[in-house]
Amino acid sequence: MSGFSSEIRVADEDPREGDGSYDATARIVDAGGIDDDGTVEAALRPRRLSEFPGQPKVRDQLGLVLEAARRRGAPPDHVLLSGPPGLGKTTLAMIVAAELEQPIRVTSGPAIQHAGDLASILSSLVEGEVLFLDEIHRMSRPAEEMLYLAMEDFRVDVVVGKGPGATAIPLTLPPFTVVGATTRAGLLPAPLRDRFGFTGHLDFYEVADLERILQRSARLLSVPAEEDALAEIALRSRGTPRIANRLLRRVRDWAQVHGSGEVDLAAARAALSLFDVDDAGLDRLDRAVLEAICRRFGGGPVGLSTLAVAVGEETDTVETVAEPYLVRQGYLVRSPRGRIATPLAWEHLGLTPPAGEQTPLPLAERSDGGRFG
Ligand SMILES: Nc1ncnc2c1ncn2[C@@H]1O[C@H](COP(=O)(O)OP(=O)(O)OP(=O)(O)O)[C@@H](O)[C@H]1O
Ligand SMILES: [Mg+2]
């Protein structure tokens, strides 16, 4: 197959692939940035709201907020974007700046350890600038408090000196727009959440929207692709554009090595099965979570931390990466007593649910070879 732009191809090569230390099959459906080089993601990002497929509600609401601000010639309300990984929060933050025709400053909660880090960023903002705070729920408490004041009053107290001689010099900031992104909106303290005038919650994409995203990506990557193949990939991408784009690249790889070079249905099916994505689009972690609940805990309820230990993952990964999609698709229920597998989960694993409620099943043989716990 020919026709790759060399720029994109270079960016697509993940340094971790092929050196033996990284198991590319381990988490192809992980929505986090496992095998994604930032550059290829950036190349596939829509730049304007009009090119952004899916999320109609958030798109229309945000479009209105931005257009009104543009007409007033003033910065819009601060924008908070929440939702599972890979649904387009960072993409939308870039779009906000592009639509406002303003520069954007990018930083993240974990990068701001001290209030002073934030003070120096804030005091260097220019009028109208967009400040993108990724993973805003991971900011330190003192920085958070400084941010409230800056967001509300466009003011920051710069502390000069140390110890008893230290003085706080109030500094007035030019109006600017904070765009915050978080996978865990629930972890944001209420005072911070309240200072965002607009909150957009991103939900999993419809299959038709993912198809449009894949058509666009195939075009940008110069990958010849048949429509039914893209439909198959879209169906099995966990409602997540980042996963869709990643699977497209793996199907392209398969087509180049074993097929005609064209992304067709046979290539899609073969590559998806090679990378352990099942018919429902569930990957190994998803299935491990369901299997643990069904086989080890008799269908639940089981607590999150116990479940995470059982599958050998961080609680955060289980909670933010695997669970939202499983809940959304009706495989799993979160209850105050813990996680419970639904009849759909039992059926998907080819197991029979216990007759009475909560009858623990004997520890059955694991089909995943015990990799997950
Ligand atoms: N609506 C969309 N249309 C086309 N591509 C999209 C869309 N949303 C996301 N993508 C693609 O998915 C990739 C991941 O999106 P993005 O980085 O914005 O997700 P995120 O929500 O910020 O994820 P994280 O929580 O991991 O930071 C983007 O690089 C882009 O290629
Ligand atoms: Mg992001």
Side-chain angles (χ1 to χ4, degrees), residues 8 11-12 14 27-63 79-99 104 106-111 130-138 179-188 199-221 223 230 233-234 237-250 252 314 316-317 319-325:
I8 287 177
D12 192 9
D14 187 309
R27 200 72 230 289
I28 186 93
V29 187
D30 188 330
I34 263 198
D35 77 341
D36 275 282
D37 186 328
T39 328
V40 81
E41 285 219 333
L44 296 179
R45 268 197 178 114
R47 314 242 166 242
R48 305 304 288 233
L49 218 46
S50 55
E51 312 171 356
F52 189 91
Q55 310 291 342
K57 200 96 213 161
V58 172
R59 201 185 50 217
D60 291 353
Q61 292 171 343
L62 192 59
V79 173
L80 180 64
L81 300 166
S82 72
L87 297 190
K89 296 182 296 295
T90 300
T91 305
L92 277 175
M94 305 289 167
I95 288 178
V96 166
E99 296 287 339
I104 181 166
V106 179
T107 185
S108 71
V130 173
L131 173 61
F132 176 43
L133 284 169
D134 208 357
E135 296 185 76
I136 191 169
H137 62 274
R138 292 178 61 194
V179 179
T182 179
T183 47
R184 309 282 303 274
L187 289 187
L188 279 193
T199 300
H201 181 77
L202 303 190
D203 214 334
F204 293 106
Y205 286 65
E206 303 293 334
V207 174
D209 293 327
L210 289 174
E211 276 184 62
R212 277 165 57 210
I213 291 171
L214 284 168
Q215 277 158 7
R216 179 172 173 275
S217 300
R219 218 171 39 241
L220 289 175
L221 293 168
V223 177
L230 295 182
I233 299 171
S237 300
R238 300 178 95 253
T240 307
R242 177 182 286 140
I243 295 175
N245 284 336
R246 184 181 299 163
L247 291 176
L248 172 65
R249 299 201 297 279
R250 296 298 82 85
R252 170 206 63 190
E314 300 284 325
D316 202 48
T317 308
E319 195 177 16
T320 59
V321 179
E323 282 190 352
Y325 189 70

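Computation of the quantities below employed the complete heavy-atom set of this structure, encompassing side-chain atoms and omitting hydrogens, waters and symmetry-equivalent molecules. Indexing begins at 1, ligand by ligand and atom by atom, following the structure's order. Just so you know, these numbers come straight off a predicted model, no measurement behind them.
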Show the atoms of ligand 1 that are less than 4.0 angstrom away from any heavy atom in [X].
X      : answer
Phe52  : 1 (N), 2 (C)
Pro241 : 6 (C), 7 (C), 8 (N), 9 (C), 10 (N), 11 (C), 12 (O)
Gly86  : 19 (O), 20 (P), 21 (O), 23 (O), 24 (P), 25 (O), 26 (O)
Thr90  : 17 (O), 18 (O), 20 (P), 22 (O), 27 (O)
Leu44  : 31 (O)
Tyr205 : 1 (N), 2 (C), 7 (C), 8 (N)

**Message:** Could you check whether atom CD of Glu314 has more than 12 heavy atoms from other residues, nucleotides or ligands sitting under 6.0 Å from it?
**Reply:** no
**Request:** Check whether more than 12 heavy atoms from other residues, nucleotides or ligands sit under 6.0 Å from atom CD of Glu206, and answer yes or no.
**Result:** no
Applying a heavy-atom cut-off of 4.0 Å, say which part of [X] lies close to ligand 1: side chain, backbone, both or neither.
X      : value
Thr183 : side chain
Leu87  : backbone
Asn245 : side chain

Heavy-atom side-chain contact between [X] and [Y] under 4.5 Å:
X      : Y      : value
Leu210 : Pro241 : yes
Arg48  : Glu99  : yes
Leu221 : Leu248 : yes
Leu188 : Ile136 : yes
Ile104 : Val179 : no

Could you tell me whether [X] and ligand 1 have an N or O pair separated by under 3.5 Å?
X      : answer
Arg216 : no
Asp134 : no
Pro85  : no

**Prompt:** the Mg ion (ligand 2) to Thr90: any N/O/S contact under 2.8 Å?
**Reply:** yes
**Request:** Give me the ring orientation class for Phe204 and Tyr325: parallel if the planes are under 30° apart, tilted from 30 to 60°, perpendicular past 60°.
**Result:** perpendicular
**Option whose closest heavy atom lies nearest to atom 1 (N) of ligand 1, chosen from Pro46, Pro53, Gly88** = Pro53
**Asked** Salt bridge or not for Arg184 and Asp316, using N-O below 4.0 Å?
**Response** yes
